[in-house]
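Quick notes on the structure that follows.
Keep in mind that the numbers below use all heavy atoms, side chains included, and drop hydrogens, waters and symmetry copies. Here is how names work: the chains are called A, B, and so on, in the same order as the sequence lines, proteins then strands, and each is numbered from 1.
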4 protein chains.
Amino acid sequence: MTARRAQLIEAAHDLIVAHGIAGLRTRAVAAAVGIDHSTLHHHFPTKADLIEAVADRALAAFRPAEGPTQTLTEHLRHLAALMTTRPDLFTLMRELDLHATRDTAIAALMGPRDDRWRASLTALLPHPVHADLVIATVKGAGNHPATAPAVLKALLDLLRK
Amino acid sequence: MTARRAQLIEAAHDLIVAHGIAGLRTRAVAAAVGIDHSTLHHHFPTKADLIEAVADRALAAFRPAEGPTQTLTEHLRHLAALMTTRPDLFTLMRELDLHATRDTAIAALMGPRDDRWRASLTALLPHPVHADLVIATVKGAGNHPATAPAVLKALLDLLRK
Amino acid sequence: MTARRAQLIEAAHDLIVAHGIAGLRTRAVAAAVGIDHSTLHHHFPTKADLIEAVADRALAAFRPAEGPTQTLTEHLRHLAALMTTRPDLFTLMRELDLHATRDTAIAALMGPRDDRWRASLTALLPHPVHADLVIATVKGAGNHPATAPAVLKALLDLLRK
Amino acid sequence: MTARRAQLIEAAHDLIVAHGIAGLRTRAVAAAVGIDHSTLHHHFPTKADLIEAVADRALAAFRPAEGPTQTLTEHLRHLAALMTTRPDLFTLMRELDLHATRDTAIAALMGPRDDRWRASLTALLPHPVHADLVIATVKGAGNHPATAPAVLKALLDLLRK
DNA sequence: AATGAATGAGTGTTCATTCAT
DNA sequence: GATGAATGAACACTCATTCAT
């Protein structure tokens, strides 16, 4: 059933945010949903499949903010808002970015996303390097959710000058 | 002997950069140095001690760049140079930052360092939030060593305008 | 399955009698039953749990002899018979008594048992100290199963004079 | 030097009483005396040698009470006194008795001692089985140092009737 | 879809012992 | 007599995965 899949993805998401990808235990995911850990393999043949599904869903949550039709202001405001309402998303992203270095399956998910994101930003900014600057800052700001919105606003102000 | 300790720290450093903190195996560290894995515990009672020593040494490598007497230009140039010559240092920092969330011993090392860094930056910049902006960007830029120096230079230009 | 649990408890019992609690190896227990040592942890999360189960079952084997409704003669005859048919039970008891000094979980099992035993004996004997005398002698007699029944009979004769 | 040896035996004695023979760590013995654990092997080639030395010294402490020239009253009074002043000696004896089952070297020490003890007692008692009774009770009484002297006195009274 | 038993490769850690200095 | 580095066998315990039911 797809409902069970969604439950498992949600539980895995929370557990990754709490304990990291390396700290993720399939037993814990199954327990959080109330099923036996061997049943989890019925929905996700392998642990990597589950992690990919989590990554996929998290990436989808970012998509609206990364669409090509926005202004830079809207884009950064949306991300700043997301940092406040969904800091878990950014924690997960950092986990995935780090994991992508070693896991080609995750890299295949994260790479194109960054490429699309960079393309969208390039269209909104005079200098291409500023796209990389925004991406770097957004990714780095996720470390401190408290100051992140202010940091993003400061960057926006600098870029609009 | 301290030479052996240094060798082990170096090997552990490389292995963390290659496989992540979670992927670090004490057996691999010992093998890289050519000793039995049980001998490693003669030098580092616990795996956590070894990781702490690696963190300590890496942090020390950053210290010259974070000193309080510099100009912002010098500071960012030093970091940009470091990103090119020692990208491993930034990979390790991202690992440690992520680990600090869950490991208080690492947090105790990383927290004060960021505090000192922020203080140094605040003294060089008109707006305190810019200190956080620089930190966020530097940390985020470590993801892409290729574009990192250009990103840092772009940030510097914006801040000096 | 509970049958497997019972098998493991039995095997652990025999191995403790043969090599002592300290000499108990979970691998040996699993091997004696013909399963992988990791499967043992499916039935007993920890080695201590297994030992507790062994202690529990051994204590249960004594219970009929320690019931409150007997005469002293019946009581000591039952124990003497047990010493001949099941000397392993007394070897195990000595192991557990010694272990109880250092292991609170075992102490929690052995303490109440001795208390109940002493209470039963006190009801059958004119002087309370004789209850302690019987307990001490029974425990000490376990060292030499060969002479134990005769020793217990001699004690009975002295107490009935 | 023999002074060092005596120190090590004393420390090992205390540690066995505290943590059992199985819980004895040569490192702990060395540390208690203030030397490196590898130096311990200079005085005692093997851990078993150290334990044997401890057993030997403890057995010597009992010898005065087990001499052949005493009366039964003196003998039991001496043991009762020893139980109060040196309960550690009885804890150690129980450890050694249990160990003797599995360790022939310890058995070679404990066996003859029990034989001599039994011979002395047989000379003082009308029925040979009473010798075994006394030995069993003394060994069993060591479990509860608090009640041990009273138990021994009660046994003495019964035997003198 | 779900379970419980089982697996096996691995994981950090322990510890008595050896040996060159 | 003493040390520190090193060893290697052992150890309990973990965990993703498989499979019969």
field: Spacing between C:Arg5 atom CZ and E:dG4 atom P, to the nearest angstrom
entry: 14 Å
Per D:Ser38 side chain, nearest of listed nucleotides E:dC19, F:dT7, E:dG4: E:dC19
message: Between D:Asp114 and D:Lys139, does the salt bridge (charged side-chain N to carboxylate O under 4.0 Å, His left out) criterion hold? Intermediate values first, please.
response: CA-CA 11 Å; D:Asp114 279 4; D:Lys139 289 193 173 181; 2.6 Å; yes
- request: Could you check how far CG of A:Leu8 sits from P of E:dA2, rounded to whole Å?
  value: 9 Å
task: Using a 4.0 Å heavy-atom cut-off across all strands, classify C:Arg27 as base, sugar-phosphate, or nothing.
output: base
field: D:Glu10/D:Arg4 ion pair, N-O < 4.0 Å
entry: no
- line: Of B:Ile35 and C:Pro45, the one whose nearest nucleotide on DNA chain F sits closer to the 5' end is B:Ile35
- prompt: For C:Leu40, which contact category applies under a 4.0 Å heavy-atom criterion: base, sugar-phosphate, or nothing?
  reply: nothing
statement: Looking only at E:dT3, E:dT17, F:dA2, the nucleotide nearest the D:Arg4 side chain is F:dA2
query: OP1 or OP2 of F:dA12 sitting under 4.0 Å from any side-chain N/O of C:Thr26?
result: yes
task: For F:dA5, take OP1 and OP2 only and decide whether either is under 4.0 Å from a side-chain N or O of B:Thr39.
output: no
message: Rounding to an integer number of Å, can you tell me how far A:His41 NE2 sits from E:dA2 C1'?
response: 13 Å
- request: Would you indicate whether A:His41, at its atom NE2, is surrounded by more than 12 heavy atoms from other residues, nucleotides or ligands within a distance under 6.0 Å?
  value: yes
- request: Measure from the side-chain heavy atoms of B:Lys47 and tell me the nearest of E:dT13, F:dA16, E:dA2.
  value: E:dT13
statement: When rounded to whole Å, the CD to C1' distance for the pair C:Gln7 and E:dA5 reads 13 Å
- request: Measure the distance from CZ on B:Arg25 to C1' on E:dA9 and round it to the nearest whole Å.
  value: 12 Å
query: F:dC13 base to C:His37 side chain: any donor-acceptor pair below 3.5 Å?
result: yes
task: May I ask which nucleotide in the shown strands pairs with E:dA20, Watson-Crick or G-U wobble, both distances under 3.5 Å?
output: F:dT3
- request: Searching all strands shown, indicate the nucleotide that pairs with E:dT14 (Watson-Crick or G-U wobble; both distances under 3.5 Å).
  value: F:dA9
- request: Ignoring the backbone of B:Asp36, work out which of F:dT7, F:dT3, F:dG1 is nearest its side chain.
  value: F:dT7
- prompt: Taking atom P of F:dT18 as reference, at what distance in whole Å does atom CG of A:Asp49 sit?
  reply: 11 Å
- prompt: Among the nucleotides E:dA2, F:dA16, F:dA5, which one has an atom lying closest to any side-chain atom of B:His42?
  reply: F:dA5
task: Applying side chain to side chain contact (heavy atoms under 4.5 Å, CB included) between C:Ile51 and each of C:Leu109, C:Ile106, C:Asp56, report the one that passes.
output: C:Ile106
statement: Among F:dA2, E:dT14, F:dT7, the one nearest any side-chain atom of D:His43 is F:dA2
query: What does A:Leu50 touch in the nucleic acid at a heavy-atom separation under 4.0 angstrom: a base, only the sugar-phosphate, or nothing?
result: nothing
- request: Using both distances under 3.5 Å as the test, list the Watson-Crick or G-U wobble partner of E:dA1, or none.
  value: none
query: Whole Å only: how far is the CD atom of D:Glu52 from the C1' atom of E:dA16?
result: 17 Å
message: Donor-acceptor check, side chain of C:Arg57 to backbone of C:Ile9, threshold 3.5 angstrom: yes or no?
response: no
Partner of B:Lys47 by side chain to side chain contact (heavy atoms under 4.5 Å, CB included), out of B:Leu40, B:Ile21, B:Val29, B:Thr26: B:Thr26
task: Using Watson-Crick or G-U wobble geometry with both distances below 3.5 Å, tell me the partner of F:dT14, or none.
output: E:dA9
- prompt: Which whole-number value in Å describes the distance from D:Phe44 CZ to F:dA2 P?
  reply: 12 Å
